[in-house]
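Below, chain A is the first sequence line, B the second, and so on; all start at residue 1.
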2 protein chains.
Amino acid sequence: MTAFNQRIGVAADAVIFTVDHGELKALLIQMKKTPFSGRWAMPGGLIENKETTRQAAERILKIQTGVKDVYLEQLQTFDDLKRDPNGRVLSVAYMALVPSGNIKLKTNDRYSDVRWWSIKKLPTLAYDHSEILKIAINRLRSKLEYTNIVWSLLPPEFTLTQLQNIYEIILDRDLDKRNFRRKILELGLVATTGKKIKGEAYRPAELYRFKQRRLTYVEVI
Amino acid sequence: MTAFNQRIGVAADAVIFTVDHGELKALLIQMKKTPFSGRWAMPGGLIENKETTRQAAERILKIQTGVKDVYLEQLQTFDDLKRDPNGRVLSVAYMALVPSGNIKLKTNDRYSDVRWWSIKKLPTLAYDHSEILKIAINRLRSKLEYTNIVWSLLPPEFTLTQLQNIYEIILDRDLDKRNFRRKILELGLVATTGKKIKGEAYRPAELYRFKQRRLTYVEVI
DNA sequence: ACAAAAGTGTTGTTACTACACCCATGG
DNA sequence: CCATGGGTGTAGTAACAACACTTTTGT
């Protein structure tokens, strides 16, 4: 069959975002193998036998962060002939959003390091990964404005201020507190839990939760 | 190299739209080879040696319609394990928009027929092509609202009524003539040519052109 | 009582919607 | 002079943006 004469590798790459300490961050791994030894890149690799690219992305996400059941969407496919110096590899890029708490990053023998990088201070990336990351940031920003994907960046219960902070960090602009809260509550995507944060030296904030932790299309912001 | 043991075929499929005689239409081909003999599908196929999926989509578009330099965007990649009964094939779907005038459809020996199908009266499609087409229609509708891609469906010079008709047909709803014209002219994407349509038994319409025949992001409608 | 973040309304401005008649041409 | 689509303005409504003070808690 013609297909089997093509000799094209099929890979999945995962752009994994989180918001932590006031910054939007992407998970990058440091490569061992030449010609990109020492360079940073998004985690990824050739898909395994009888595995879809989405399953590969889920596997990569699980390996690096331990999380699953977070928001994961197909971003775009990259297949320039020269994008991988080791041979022709088509890569389907996925974007994942993970909440910042309780994530222990794991490395493995293919990588010399793994860590979160602020998207404002990125190193030069291997392959075409700078382009992929740029596309991912744009997609994240626009999707934030007309969907509820932010649920995937937050713990199950959160305050409206935390929610607003995530919007402000990702969109990189200030939002008016009163207008933001009015809009969010009008949308009906969140509900109060009745609980309050305790133990801080100021008025305790009400805790909210998302009614649905799955993709919903609305004009959020 | 591991890649070469994967045995995954890489294909490109092209969802080709036009607007003609008051309907949004997709170009479909009728298949010869089993197990889909007689069934309709989007034109596509395995990519050739040293060809990107985008180049393959351009080639397919050229073969079927003779056109090039139209709007063509990557839609999504489909790689379910069972999507092709003849073996594992990953397909990158592209969406193209072609103007309706002067297009002569060409068939070839792989297909028994080619023709435009109104998206309101589609046959059952081969593979996962019904899903791909559904995604393409959604993408087209939303992109119509915040970009100028409609230029690719129109001849170089057109009237505002023709433009409005295309919006109405694709969005499948009526638009107010005065509001539509005000919005379009405010956006500044089109310019008058100074010419008028002649020879019709009613007041001649002014002809406009797009200032830029490439993707521009604005809230069009 | 102080520090710190939580929470809450109103007003002006802008964008959107709905709507009906006259105009220019060919036949 | 008739038929046909081309072309134009206004008023009411809804959404958005800008803005500052009071409340609740822990120390």
Side-chain angles (χ1 to χ4, degrees), chain A residues 19 21-22 141-142 144-148 154-155 157-169 171-209 217-221, chain B residues 19-22 141-142 144-148 150 154-155 157-169 171-209 217-221:
Chain A
V19 172
H21 288 88
R141 284 196 173 130
S142 49
L144 202 65
E145 310 215 9
Y146 64 90
T147 71
N148 69 342
L154 285 162
E157 302 189 342
F158 54 87
T159 68
L160 293 186
T161 302
Q162 288 169 350
L163 181 61
Q164 182 176 345
N165 282 340
I166 290 194
Y167 274 91
E168 290 180 333
I169 291 160
L171 299 178
D172 202 20
R173 63 186 165 98
D174 289 342
L175 300 172
D176 179 88
K177 182 157 64 159
R178 281 165 292 191
N179 293 340
F180 179 82
R181 296 162 95 95
R182 184 187 309 122
K183 190 71 181 286
I184 290 294
L185 294 174
E186 273 172 4
L187 284 170
L189 297 175
V190 299
T192 53
T193 60
K195 301 182 212 165
K196 284 177 195 287
I197 278 199
K198 286 184 71 86
E200 300 287 340
Y202 47 80
R203 177 171 176 174
E206 277 216 77
L207 285 167
Y208 289 78
R209 61 179 174 77
Y217 288 85
V218 279
E219 296 276 328
V220 175
I221 223 66
Chain B
V19 172
D20 185 39
H21 287 88
R141 285 194 173 133
S142 48
L144 203 65
E145 309 215 9
Y146 65 91
T147 73
N148 70 341
V150 69
L154 284 162
E157 303 189 340
F158 52 88
T159 68
L160 293 185
T161 303
Q162 287 169 350
L163 181 61
Q164 181 176 346
N165 282 340
I166 291 194
Y167 274 91
E168 291 181 332
I169 291 159
L171 300 178
D172 202 20
R173 62 186 165 96
D174 289 343
L175 300 171
D176 180 88
K177 182 159 62 162
R178 279 166 293 188
N179 295 338
F180 179 82
R181 295 162 94 97
R182 184 187 309 126
K183 189 73 181 284
I184 289 294
L185 294 173
E186 273 172 5
L187 284 169
L189 297 175
V190 299
T192 54
T193 60
K195 302 183 210 164
K196 286 177 195 285
I197 278 199
K198 286 185 70 86
E200 300 287 339
Y202 47 82
R203 177 172 175 174
E206 277 216 78
L207 285 167
Y208 289 78
R209 61 178 173 78
Y217 287 87
V218 280
E219 297 275 328
V220 175
I221 223 65

Kindly give the heavy-atom pair with the smallest separation between [X] and [Y], and that separation in Å.
| X | Y | result |
| --- | --- | --- |
| A:E157 | A:K195 | OE2-NZ, 2.9 Å |
| A:Q162 | A:I197 | NE2-CD1, 4.4 Å |
| B:K196 | B:E206 | NZ-CG, 3.8 Å |
| A:L144 | A:V220 | O-CB, 3.7 Å |
| B:L160 | B:R181 | CB-NH1, 3.9 Å |

By nearest-heavy-atom nucleotide on DNA chain D, the more 5' of A:E186 and A:G199 is A:E186
Where each residue is assigned the nucleotide of DNA chain D containing its nearest heavy atom, which of A:R203 and B:R178 is assigned the position nearer the 5′ end?
B:R178
Flag side-chain contact, heavy atom, 4.5 Å: [X] against [Y]:
| X | Y | value |
| --- | --- | --- |
| B:Y208 | B:L185 | yes |
| A:T159 | A:L207 | yes |
| A:Q164 | A:D176 | no |

Can you tell me how far apart [atom1] ([X]) and [atom2] ([Y]) are? Round to the nearest 0.5 Å.
| X | Y | atom1 | atom2 | answer |
| --- | --- | --- | --- | --- |
| B:T193 | B:F158 | OG1 | CZ | 9.0 Å |
| A:N148 | A:I184 | CG | CD1 | 10.0 Å |
| A:I166 | A:L154 | CD1 | CG | 4.0 Å |

Identify whether any heavy atom of A:K177 sits under 4.0 Å from a base atom; if not, whether one sits that close to sugar-phosphate; answer base, sugar-phosphate or nothing.
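Here A:K177 touches the bases of the nucleic acid.
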Tell me the interatomic distance from [X], atom [atom1], to [N], atom [atom2], rounded to whole angstroms.
| X | N | atom1 | atom2 | result |
| --- | --- | --- | --- | --- |
| B:E200 | D:dG7 | CD | P | 13 Å |
| B:N179 | D:dG9 | CG | C1' | 11 Å |
| A:K198 | D:dT27 | NZ | P | 11 Å |
| B:I197 | D:dT4 | CD1 | C1' | 14 Å |
| B:F180 | D:dG6 | CZ | C1' | 14 Å |

With nearest nucleotides of DNA chain C determined for A:K196 and B:D176 from heavy-atom distances, which residue corresponds to the more 5′ nucleotide?
A:K196
If you pin A:L185 and A:Y202 to their nearest nucleotides in DNA chain C, which one's is more 5'?
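Taking each residue's closest nucleotide, the earlier one in sequence belongs to A:Y202.
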Would you grab the first and last nucleotide of DNA chain C (5' to 3') that comes under 4.0 Å of any non-hydrogen atom in chain A?
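For DNA chain C, the relevant span reads C:dA3 to C:dT10.
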Measure the angle between the two terminal helix axes of the helix from C:dA1-D:dT27 to C:dG27-D:dC1, five base pairs each, and quote it to 10°.
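Both end axes considered, the difference amounts to 0°.
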Minimum-distance nucleotide (side-chain atoms of A:R182 versus D:dA17, D:dG7, D:dC16):
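The answer is D:dA17.
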Check DNA chain C against residues 161-168 of chain A and give the residues with a non-hydrogen atom under 4.0 Å, in numerical order.
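Only A:T161 qualify.
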